[in-house]
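For reference, the structure discussed in these notes is given below.
Computed from heavy atoms alone, side chains included, the values below leave out hydrogens, waters and symmetry copies. Throughout, a chain's letter reflects where its sequence line sits, starting with A, and its residues are numbered from 1.
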There are 2 protein chains.
Amino acid sequence: MHNNPVPAQTWSIAELAAEYDVTLRTIRFYEDRGLLTPERRGTVRVYHSRDKVRLGLILRGKRLGFSLDEIATIVDMYDAEPGEEGQLVYLLDQITHRRADLEQRRRDIDETLQELAEVEARCHSDLNSLRGRTAPTHERR
Amino acid sequence: MHNNPVPAQTWSIAELAAEYDVTLRTIRFYEDRGLLTPERRGTVRVYHSRDKVRLGLILRGKRLGFSLDEIATIVDMYDAEPGEEGQLVYLLDQITHRRADLEQRRRDIDETLQELAEVEARCHSDLNSLRGRTAPTHERR
DNA sequence: TCTGTGCTTGACGCTTACGTAAACGTAAAG
DNA sequence: CTTTACGTTTACGTAAGCGTCAAGCACAGA
């Protein structure tokens, strides 16, 4: 057996920025908002895998349209320590809310996808008409 | 047969605001951004079912986290006239992009829901431990 | 006629989520 | 030693999406 088998990889701010395709400004801004807490070596930021994971979660939250405040509560849930009963109950409550939110979003997405499919079908039909295959007999809203 | 069987219902701005739970300011703002184009009777806005539907689509887009500009392109797709071939091809292209976007979102949502379920399971387990049922034997990240 | 009630158009304010310099530190390379 | 690369803080700028007055019109009822 040996200690310290893996030197526990770290990243510079530029490396993280490149990997996730965001600017340095963005990463520093997230830190300012308390979403990231990189180590400091002197004045320089050093990011560990924990920070990297959190950045990934933050960006996924952004893709979902959450505000940074909402993202903060979500991401912090993942890292939450067991704590006392009140904390846990609160956390479960948060989870319930988040889940309801996300399921509403999924319904919205599914509806939108369905309607896009209809618009697409109309387009193809119209294209066929234009190319002289047949007259447009379908109903328009 | 008779003409004008239904007087074609209309709504005031306040009625729409109440129904969708938004402010008058918001509805006017959407008009300012070209998302709504209500009829004018004198100086007063009169909303027809078309406007009402569009407002619903706009708010759904908002729930999905789209910007108003993106929402504009989406909503306008629903109302698009057949037009020439170039237009149709462009529309189909837009649809492709939107669909890719939405499917990415759905993946993000599903991942998040899964992870929330894990956090929830941890919470319940921790609660049981606190209540003295059993010791927490599960792994923490 | 006075008082609401509901609508209108500005116009300024505010928050979020960064962009964009400016000015400086540090360490390696030429 | 100077340049270059990479990092830092401070701070002002900006676009989106409204909130929030302010001031005024139009019509209905007491």
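- Regarding A:Ile71, its CD1 atom lies at a distance of 12 Å from the C1' atom of C:dT16, rounded to whole Å.
- Between the CZ atom of A:Arg28 and the P atom of D:dA11 there is a distance of 16 Å, given to the nearest Å.
- If you take CG of B:Asp32 and P of D:dA15, they are 16 Å apart, rounded to a whole angstrom.
- Applying the 4.0 Å criterion to OP1 and OP2 of D:dG7, one finds that A:Arg45 has every side-chain N and O outside that range.
- The CD1 atom of B:Ile13 sits 9 Å away from the P atom of C:dT9 (whole-angstrom rounding).
- Regarding A:Ile27, its CD1 atom lies at a distance of 15 Å from the C1' atom of C:dA17, rounded to whole Å.
- Contact annotation for B:Arg41: no contact, since no heavy-atom pair falls under 4.0 Å across all strands.
- Taking a cutoff of 4.0 Å between a charged side-chain nitrogen and a carboxylate oxygen, A:Arg105 and A:Glu103 do not qualify as a salt bridge.
- Linking Ile, Leu, Val, Met, Phe, Trp and Tyr residues whenever their side-chain heavy atoms come within less than 4.5 Å leaves B:Val44 and B:Ile13 in two separate clusters.
- Salt bridge absent: B:Glu115 and A:Arg98 never bring a charged side-chain N and a carboxylate O closer than 4.0 Å.
- What you find for B:Trp11 and B:Glu19 is that their closest heavy atoms are NE1-OE1, 4.2 Å.
- Look at CD on B:Glu31: it is 14 Å from C1' on C:dG10, rounded to the nearest Å.
- A salt bridge does not link B:Arg25 to B:Asp32: none of the charged nitrogens lies less than 4.0 Å from a carboxylate oxygen.
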Anything under 3.5 Å between a protein N or O and an N or O of nucleotides 17-23 of chain D, put it in a table, one pair a line.
residue : atom : partner : partner atom : Å
D:dG17  : OP1  : B:Leu68 : N            : 2.8
D:dC18  : OP2  : B:Tyr30 : OH           : 2.8
D:dC18  : OP2  : B:Lys62 : NZ           : 2.9
D:dC18  : N4   : B:Arg25 : NH2          : 3.4
D:dG19  : OP2  : B:Thr23 : OG1          : 2.6
D:dG19  : OP2  : B:Thr26 : OG1          : 3.4
D:dG19  : N7   : B:Arg25 : NE           : 3.2
D:dG19  : O6   : B:Arg25 : NE           : 3.4
D:dG19  : O6   : B:Arg25 : NH2          : 3.0
D:dT20  : O4   : B:Arg25 : NE           : 3.0

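- Note: CG (A:Asp21) to P (C:dC18) measures 13 Å, nearest angstrom.
- The two residues B:Leu92 and A:Cys123 make their nearest non-hydrogen contact at CD2-CB, 3.5 Å.
- Look at B:Thr43 and you won't find any side-chain N or O under 4.0 angstrom from OP1 or OP2 of D:dC25.
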A:Asp51 vs A:Arg45, test: salt bridge (Lys or Arg N to Asp or Glu O under 4.0 Å). Steps then yes/no. CA-CA 11 Å; A:Asp51 305 301; A:Arg45 293 170 174 85; over 6 Å; no
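- In this structure, B:Arg40 places its CZ atom 10 Å from C1' of C:dC7, rounding to the nearest Å.
- Under the 4.0 Å criterion applied to side-chain N and carboxylate O atoms, B:Asp108 and A:Arg63 are assigned as salt-bridge partners.
- In the helix from C:dT1-D:dA30 to C:dG30-D:dC1, the terminal helix axes, each the rotation mapping four pairs' C1' atoms onto the next four within five end pairs, subtend 20°, rounded to 10°.
- In this structure, A:Arg33 does not pair ionically with A:Glu31, as no charged nitrogen and carboxylate oxygen lie closer than 4.0 Å.
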